[in-house]
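Basis for what follows: all heavy atoms, side chains included, without hydrogens, waters or symmetry-related copies.
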Amino acid sequence: MRKPIIAGNWKLNKTSHESIEFVTLLKRYVSNVSDVDIVVCPVFTALCDIKDVLLETNIGLGAQNLFWEDAGAFTGEVSGLLLKDAGAEYVIIGHSERRQYFGETNQTVNKKIKAALKSGLIPIVCVGEVLEEREQNKTTKVVTTQMKEGLEGVSKEDVKRIIIAYEPVWAIGTGKTATPGQAQQVHQLIRQLLTQMCGEDVAQRVRIQYGGSVKPENIAELMAQPDIDGALVGGASLKVDSFVDIIKNSCVMKT
Ligand code: PEP
């Protein structure tokens with residue numbers, strides 16, 4: 001049985017002060033939640049500050065990106081080593097905004113996954129097709145390539161530690177959610193790919209989140225799908241109320 005995981009990706013939002021205020025409230029509302037893992041991913045500069053507020057709570061801390069070298073002449077970059085030092089346990093890798101605006105490729109995603117694992121971080125690896133690819137029936141091909149190239153050379157033991165987030169790019173920040181059926185189809189594909197690459201045992205353990213305009217109103221029907229194990233939430237994770245409702249509504253029975 002895979003434990004569901006709901007993660008909030010705050011993107012480029014919230015000062016340290018606002019982040020502290022948010023998690024101070026959040027921890028009160030979710031202190032009795034034990035059947036869902038909860039993670040917040042603030043901007044780098046807020047990590048250290050909110051780490052202390054999250055000590056001994058059921059809320060994990062994640063970063064939104066990392067660089068693959070530990071240290072050196074790489075101006076402006078942040079390594080896995082430093083993220084661990086700042087209190088992060090998770091790191092989002094290959095978000096579509098990073099692929100779209102910062103030139104990330106399956107090859108850089110692969111290096112980042114390996115670096116995160118080496119630093120003891122849990123990677124949340126994003127895959128997903130853009131609208132044009134879906135309309136041209138290329139979703140399977142695109143997601144298969146992202147999975148194979150992204151996880152190239154990662155050991156089976158390490159794959160067990162990874163979380164995959166299927167995020168159809170056309171559903172991110174647009175208010176358009178994939179239907180539960182559309183999402184399940186790709187989640188099932190991802191689990192089949194994991195089975196081919198790493199065997200049934202590993203594939204059954206890996207948690208696959210859905211991301212793309214998740215809200216309190218649609219999380220339950222998404223979570224009811226057999227291969228959807230949680231959500232990566234953007235916009236609706238920025239308000240305590242909606243994030244808490246998503247967490248609470250995510251505890252549903254699987255079909
Ligand atoms: C995201 O950015 O990962 C995301 C899913 O955003 P939103 O929930 O706003 O669509």
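For the pair Leu194 and Val202, the minimum side-chain heavy-atom distance is 4.5 Å or more. In this structure, the side chains of Glu152 and Asn106 stay at 4.5 Å or more apart for every pair of heavy atoms. Side-chain contact check for Arg134 versus Gln182: some heavy-atom pair is nearer than 4.5 Å. By the 4.5 Å heavy-atom criterion applied to side chains, Val109 and Thr105 are not counted as neighbours. Between Phe243 and Phe22, the closest side-chain pair of non-hydrogen atoms falls below 4.5 Å. Counting heavy atoms from C-beta outward, Trp170 and Glu133 have side chains that stay 4.5 Å or more apart. For the pair Ser213 and Lys176, the minimum side-chain heavy-atom distance is 4.5 Å or more. Side-chain contact between Gln225 and His187 is absent, with no heavy-atom pair separated by less than 4.5 Å.
Under a 3.5 Å cut-off, the side chain of Gln107 and the backbone N or O of Glu149 do not form any donor-acceptor pair. Although no hydrogens or angles enter the test, the distance criterion places no donor-acceptor pair under 3.5 Å between the side chain of Asp245 and the main chain of Pro216. For the pair Asn13 (side chain) and Trp10 (backbone), a donor-acceptor distance under 3.5 Å is present.
At a cut-off of 3.5 Å, with distance as the only test, no side-chain donor of Asp227 or Gln188 sits close to an acceptor on the other residue. For the 3.5 Å distance criterion, the side chains of Arg98 and Gln64 fail to qualify, holding no donor opposite an acceptor.
When hydrophobic clusters are built by joining Ile, Leu, Val, Met, Phe, Trp and Tyr residues whose side-chain heavy atoms come closer than 4.5 Å, directly or via intermediates, Ile162 is grouped together with Leu66. Ile92 and Ile113 are assigned to two separate hydrophobic clusters, defined by single-linkage of ILVMFWY side chains at heavy-atom distances under 4.5 Å.
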With side-chain contact (heavy atoms from CB on, under 4.5 Å) as the test, would you mind laying out the steps for Glu97 and Lys11 before giving the verdict? CA-CA 9 Å; Glu97 286 151 16; Lys11 311 192 186 191; 2.8 Å; yes

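Nearest heavy atoms, Ser96 versus Val169: CB-CG2, 3.7 Å.
Residue Ser79 holds its OG atom at 10.5 Å from CZ of Phe74, rounded to the nearest 0.5 Å. The CD1 atom of Ile163 sits 5.0 Å away from atom CD1 of Ile124, with the distance rounded to the nearest 0.5 Å. Atom CE of Met223 and atom CD1 of Ile6 lie 5.5 Å apart (nearest 0.5 Å). We find the CD1-CG distance between Ile247 and Asn58 to be 8.5 Å, quoted to the nearest 0.5 Å. Summarising the geometry, atom CD belonging to Gln209 is positioned 10.0 Å from atom CG belonging to Asp37; distances are rounded to the nearest 0.5 Å. Lys27 contributes atom NZ, which lies 10.0 Å from atom CD of Glu56 (distance to the nearest 0.5 angstrom).
Salt-bridge annotation for Arg99 and Glu104: absent, with no side-chain N of the basic residue lying under 4.0 Å from a carboxylate O of the acidic one. Ion pair Lys138/Glu129 not flagged as a salt bridge, since none of the NZ, NE, NH1 or NH2 atoms sits closer than 4.0 Å to an Asp/Glu carboxylate oxygen.
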